[in-house]
Structures are given as structure tokens and as C-alpha cells.
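Note sheet for the following structure.
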Amino acid sequence: MNKQLLNRRQFSGRCAALAFAVPVSSSMSAIAAHAQAPAAGAAPKVHTVKFPDGTTVPAVGQGSWHLGQGKHPRSVEEEALRTGIALGMTVIDTSENYGDGASEQFIGRAIAGQRDRVFLVTKVEPENTAGNGIARACRASMAQLGTDHLDLYLLHAPVPASRLSDVVAKFETLRAEGKIRAWGVSNFNVDQMEALFKVPDGHRCATNQVLYNLKNRYIERDLLPWCAQHAMPVMAYTPLGGNNGSLVRDPSLAEVGAQRGYSAAALALAWVIRSGTVIAIPESGSPAHVKENAAALTMW
Ligand SMILES: NC(=O)c1ccc[n+]([C@@H]2O[C@H](COP(=O)([O-])OP(=O)(O)OC[C@H]3O[C@@H](n4cnc5c(N)ncnc54)[C@H](OP(=O)(O)O)[C@@H]3O)[C@@H](O)[C@H]2O)c1
């Protein structure tokens, strides 16, 4: 493929075309507003997102819900993850419950020898948060991942508001001990974020990981603006529409992307990260797909 960076005018044109093809309306203009033509010969700009503590990460990472569980041959999936890391998709997202720990184990093996290059994110299930459950779950995840610290530790789904202060206190203890660098939540709505910010240290939440893609834009109504107001980046899961491949096979995306040598997947990811405050975590166990996805990091 003759892949070329889109300059501002080209990106605007493609976005306008997409706005007719898929229900993206005004937000496509946001991409165009950020699009910049690179200076001749200059290295393409890698899009990044900044966490409240100043830590900056690439705006496209890698998910792992189904990895290490036989969807692809293990060696192929390992090559895919390592290819992604080499291409700059260094945020790796997993969870204690993905494949009952198989995903964490897979990642631990795949990143052996290059832990320092990776921003490692895993999650604790709400049912494991009582008593010393969070500390225990964190220890188990670190053992599976072969690391002595997590870069980001998320509560996978909301707990009742009455439990939030305890959960935050446990996260803060792990942070003080150096076992986690930051903590956050997942699948919280605005009311739940408000409740979180009312408990001591709740405002230290680094992110909220939620569903977001071209065909699931529900969070734009209130959660995305809320997070922006609180200077909190969002992690977008299922950015390609998930296993049914609805976006990667979208003919309009494919047509617009093909005009400049990008895949539908890369275009869908570029759309998700367009604001500069969203990190997309597409999953792939295919090295070829990972290469396509990495193109979103520098598309415009
Ligand atoms: N916090 C939560 O509650 C939550 C919920 C869901 C997901 N997540 C996280 O988000 C990650 C991503 O979400 P997801 O797995 O639901 O969906 P996704 O990333 O939107 O889509 C994954 C699917 O797209 C395919 N794919 C990837 N790149 C492709 C490409 N360039 N061309 C064609 N197909 C491509 C993958 O197949 P191949 O492997 O064959 O490429 C896979 O079937 C998960 O792995 C997980 O880490 C979090």
C-alpha cells in the first residue's frame, strides 16, 4: 500500500465523506480541526494522551480480552502483541477475569524482557473488592504478568456508592506502596463518577474505561464532556466494534481509507482518538491487523 499521511485538507475531505457514509456528523469536523500536515521530511507526529499525573501514553494501545485462549496460534498472538509494542502501541490492557487469568499470563510471557517499554493496565472485579480482596487480586495479577508494579489498576465495573470510599482507600494504599502507579474505573456513568469524586481521594481517579466507537457514541451525551471537564482521559474499549467486525468491514470506511492506503480499522481508530483525550485499545491477535491499527497513531 502506498501509505501517505493525510494533510489537513485531505483529512477534512475524507471526514466529510465519512459523515455521509456513517452516522458521525459533527464530530468528524473535530478530526479535521486537529489535522496537521507534517513538514516535508519531518517524522510523523505520534498522537498521545496525558493522564492527570502528567504521564503521557500513545493514544492507541492494545486490548487482550480473547488473547492467550486459542483464537489464533499462541506464537502468532505473541508476535502480534510484540509487533504492536514495536510500533508504539505500548498501552496493554487486560483483566484478571479475561480467560480466568489466561490473558494476563499470555501478556506476562509476551512482554518478558521489555516490561519497561509497556504501560500495563489490568482490572479487579467488583466481587473481589471486599476485605483485603483488592490487595490479593493485585498480587495475583502482578504474578501472572511477571511484574512488580502495574501502571494502571482499574475497577472493572461499578460497586454500590456505599463501597466506593473503601475501594478508593485500598487503591490509594497500593499506590503508596508503589504496587500501582495510578488507579481508575471502568463502565462508570456520570452519576457514578460524581459519587466517586465525593469520597476522599476519589478525584485521584486517572481514567474511566468505557465502550466507544463510531457506532456506539452514547458517552458523547454526558460522560465524555464530564471527563473532559475533569481533565480525565477516557479509555475506549471495543473501538473497532468488537468481534462481529462491524466497523472493520464497513464498506464506507474501507472505501475512504483505501483512497490513501489506510484500512477501515485504522480510520475507525483515528476517529476514536481524534480529541486527544481518548485512548483506544483495539484487540488483535494478528500481526497484519496490528500493523494496520498502528497506522492510526500517526494518520493525521
Ligand atoms: N472494560 C471493559 O468492560 C471492557 C469490555 C470489552 C473490552 N475491553 C477491552 O477492550 C479491548 C478491545 O475490545 P474488543 O476486543 O471488544 O473489540 P475490538 O478491539 O473493537 O475488536 C476486536 C476484533 O477486531 C478484530 N480486528 C482487530 N484489528 C483488526 C483489523 N485491523 N482488521 C480486521 N479485524 C481486526 C479482531 O480480530 P483479530 O484478532 O483476528 O485481528 C477482533 O475480532 C478488549 O480486548 C479488552 O482489553 C474492556
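Computed from a predicted model, the values in this text were never measured in an experiment. Both ligands and their constituent atoms are indexed starting at 1 by order of listing.
- Within 6.0 Å of CH2 in Trp65 there are 12 or fewer heavy atoms belonging to other residues, nucleotides or ligands.
- Between the side chains of Ser95 and Thr122, no donor-acceptor pair of N or O atoms lies under 3.5 Å.
- Using a 3.5 Å distance cut-off with no hydrogens or angles, the side chains of Ser186 and Gln209 do not pair a donor with an acceptor.
- Contact annotation: the side chain of Asp250 approaches that of Lys215 to within less than 4.5 Å [non-hydrogen atoms, C-beta and beyond].
- Between the side chains of Thr48 and Thr56, no donor-acceptor pair is found at a separation under 3.5 Å.
- Each of Gly63, Ser64, Trp65, Lys71, His72, Asp93, Tyr98, Lys123, His156, Ser186, Asn187, Gln209, Tyr237, Thr238, Pro239, Leu240, Gly241, Gly242, Asn243, Val248, Ala265, Ile281, Pro282, Glu283, Ser284, Gly285, Ser286, His289, Glu292, Asn293 has a non-hydrogen atom positioned under 4.0 Å from some atom of ligand 1.
- Listed by first and then second residue, the salt bridge (charged side-chain N to carboxylate O under 4.0 Å, His left out) pairs that reach into residues 190-205 are Glu172-Arg204, Asp201-Arg204, sequence neighbours excluded.
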